Amino acid sequence: MDIKSAEMAFFREGTTDQIAQKLLGTTLNYRNPDGQLFSGLIVETEAYLGELDSAAHAFKGRHTAANDPLYGPAGTIYIYSIYGHYLFDVATQEAGVPQGVLIRAIQPTVGIEQMQINRHQTGYNLTNGPGKVMAAFGIHDLNLNGRLAQQPPLWIDYSHPKQPQAIISSARIGVENQGDWASKPYRFLVGGNPYVSKIRKREVDLINLGWQD
DNA sequence: CAGCTGATGTTCT
DNA sequence: GAACATCAGCTGA
């Protein structure tokens, strides 16, 4: 199997909720037009299971210009704008199956100073929410919508994932009134990591940040 | 720190 | 003109 096949397999291997969990501990990267690199460990994801999922953009097969990337092959980037913010998703199944994973939070590792400038914030507030991640990277448009997340300039590196001590699941955020599936446990997070959105201070692991070793 | 609320801009009706 | 996979700033404790 060549590298391209291996990369595609990562996203197609398993159900979308399994992929959402496998993405925890992998690295999200972005190289901006000035050549600056931004990286962070993915610490929170949500799975959206397509046509049957009442909380998903593709519920009942809804297919518009805006959500078209969800129908692309595994690894297709789906950027969605909401309330003036931009959110990053990746399609997880074969073309025509509109399932995907929303990246909700990262633990920054590279480009932190520029992220602080882009966000006008410091500390855990830098990237502890889906709109905050894109803003930290300086992405405020749909330019990379529909591109592949297996290659620069916006890509996921899953070659040496960091291992969570524990993966916690809960109901997804912000979809409370979106029907029967709203309460299903399709949100996944690295237990104890301080960059997880809405985590309480007393639940944070300040020694290992929720990672093994 | 938790909880509430107004601002926000794109998409679809 | 409504809906929305959000955020920051404010309040009260």
Side-chain angles (χ1 to χ4, degrees), chain A residues 16-17 19-21 23-24 28 40 42-72 76-93 97-106 108 115-146 149 154 156 169-189 192-206:
Chain A
T16 295
D17 60 308
I19 293 167
Q21 294 173 69
L23 284 169
L24 297 174
L28 179 64
I42 295 173
V43 298
E44 180 179 353
T45 60
E46 285 179 354
Y48 285 88
L49 303 197
E51 303 173 0
L52 296 176
D53 182 351
S54 60
H57 288 165
F59 181 46
K60 292 182 177 172
R62 193 169 81 100
H63 191 172
T64 66
N67 74 2
D68 182 65
L70 275 176
Y71 289 79
T76 302
I77 293 168
Y78 170 43
I79 299 177
Y80 178 71
S81 96
I82 181 78
Y83 299 112
H85 304 280
Y86 289 84
L87 281 54
F88 175 90
D89 301 57
V90 59
T92 49
Q93 301 294 329
V97 179
Q99 302 189 9
V101 172
L102 168 67
I103 306 301
R104 283 195 57 86
I106 65 171
M115 290 187 199
Q116 292 172 343
I117 294 169
N118 292 344
R119 288 272 300 124
H120 309 289
Q121 297 275 341
T122 59
Y124 304 134
N125 282 334
L126 220 44
T127 52
N128 62 347
K132 299 178 187 181
V133 171
M134 288 288 98
F137 285 3
I139 296 175
H140 302 282
D141 56 45
L142 298 177
N143 280 341
L144 299 174
N145 198 24
L154 181 56
I156 294 170
S169 65
S170 81
R172 292 168 293 186
I173 304 293
V175 296
E176 291 80 4
N177 299 316
Q178 298 299 121
D180 297 345
W181 284 50
S183 60
K184 289 184 182 288
Y186 289 143
R187 172 183 180 232
F188 303 100
L189 53 99
N193 188 279
Y195 288 91
V196 166
S197 66
K198 310 199 173 188
I199 192 171
R200 288 189 284 276
K201 193 82 180 241
R202 60 181 297 277
E203 297 177 309
V204 167
D205 165 18
L206 288 175

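What you see is a predicted model, and the numbers here were worked out from it, not measured in a lab. Residue numbers begin at 1 in each chain, while the letters A, B, ... track the order of the sequences.
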**Q** Does any residue of residues 174-188 of chain A have a heavy atom under 4.0 Å from DNA chain C, and if so, which ones, in number order?
**A**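 Residues of residues 174-188 of chain A under 4.0 Å from DNA chain C: A:G174, A:V175, A:Q178.
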
**Q** Rounded to the Å, how far apart are A:I173 CD1 and B:dA2 P?
**A** 14 Å

**Q** Taking A:A136's backbone N and O only, do any of them form a donor-acceptor pair with A:N118's side chain (distance below 3.5 Å, no angle check)?
**A** yes

**Q** For the CZ atom of A:R187 and the NZ atom of A:K198, what is their distance to the nearest 0.5 Å?
**A**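 Reported to 0.5 Å precision, the distance equals 8.0 Å.
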
**Q** Go through the steps for A:L189 and A:V43 under the test side-chain contact (heavy atoms from CB on, under 4.5 Å), then give the verdict.
**A** CA-CA 6 Å; A:L189 53 99; A:V43 298; over 6 Å; no

**Q** So what does A:R202 touch, heavy atoms closer than 4.0 Å: a base, only the sugar-phosphate, or nothing?
**A** nothing

**Q** For a stem of at least 3 consecutive Watson-Crick or G-U pairs with distances under 3.5 Å, i pairing with j, i+1 with j-1 and so on, which stems involve DNA chain B?
**A** B:1-7 with C:6-12, B:9-12 with C:1-4

**Q** Determine, stepwise, if the pair A:K60 / A:E51 fulfils salt bridge (Lys or Arg N to Asp or Glu O under 4.0 Å).
**A** CA-CA 5 Å; A:K60 292 182 177 172; A:E51 303 173 0; over 6 Å; no

**Q** Quick check against the 3.5 Å criterion: does A:T45 have a side-chain atom that pairs as donor or acceptor with the backbone of A:A20?
**A** yes

**Q** Begin from the C-alpha positions of A:K132 and A:N125 and carry the test side-chain contact (heavy atoms from CB on, under 4.5 Å) through to its verdict.
**A** CA-CA 8 Å; A:K132 299 178 187 181; A:N125 282 334; 4.3 Å; yes

**Q** Could you check whether A:N125 gets within reach of a base, just the sugar-phosphate, or nothing at all, counting any heavy atom under 4.0 Å?
**A**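 Nothing, no nucleic acid heavy atom in range.
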
**Q** Give the rounded distance in Å between these two atoms: CG of A:L87 and P of B:dT10.
**A** 14 Å

**Q** Can you give me the N/O atom pairs linking the protein to nucleotides 11-13 of chain B at distances under 3.5 Å, or say none if there are none?
**A**
unit_1	atom_1	unit_2	atom_2	d
B:dC12	OP1	A:T64	OG1	2.3

**Q** Would you be so kind as to tabulate the donor-acceptor pairs closer than 3.5 Å made by side chains of residues 62-69 of chain A, with sequence neighbours excluded?
**A**
unit_1	atom_1	unit_2	atom_2	d
A:R62	NE	A:H57	O	3.1
A:H63	NE2	A:D68	OD1	2.7
A:T64	OG1	A:A66	N	3.3
A:T64	OG1	A:N67	N	3.4
A:N67	OD1	A:T64	N	2.8
A:N67	ND2	A:H57	O	3.3
A:N67	ND2	A:R62	O	3.0

**Q** Give a yes or no on whether the backbone of A:L49 and the side-chain of A:T16 come within a donor-acceptor separation of less than 3.5 Å.
**A** no

**Q** If I take atom CG in residue A:N143 and atom C1' in nucleotide B:dT10, what distance separates them, rounded to the nearest angstrom?
**A**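 My rounded result for the distance is 15 Å.
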
**Q** Think A:R119 forms a cation-pi with A:F137, using NZ or CZ under 6.0 Å from the six-ring centre and within 45 degrees of its axis?
**A**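 Pair A:R119/A:F137 does not count as cation-pi.
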
**Q** Hey, what do you get for CZ (A:F59) to CD (A:Q178), rounding to the nearest 0.5 Å?
**A**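 These two atoms lie 9.5 Å from each other.
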
**Q** Under a criterion of less than 4.0 angstrom to any heavy atom of chain A, what are the 5'-terminal and 3'-terminal contacting nucleotides of DNA chain C?
**A** C:dC4 to C:dA8

**Q** Kindly write out the residues that satisfy ring pair (Phe, Tyr, Trp, His ring centres under 6.0 Å) with A:H140, not counting sequence neighbours, or none if the list is empty.
**A** none

**Q** Rounded to the nearest 0.5 Å, how far does CZ of A:F188 lie from CD1 of A:I42?
**A**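 It comes to 14.0 Å.
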
**Q** Thinking salt bridges, do A:E46 and A:R104 make one under a 4.0 Å N-O criterion?
**A**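 Answer for the salt bridge query: yes.
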
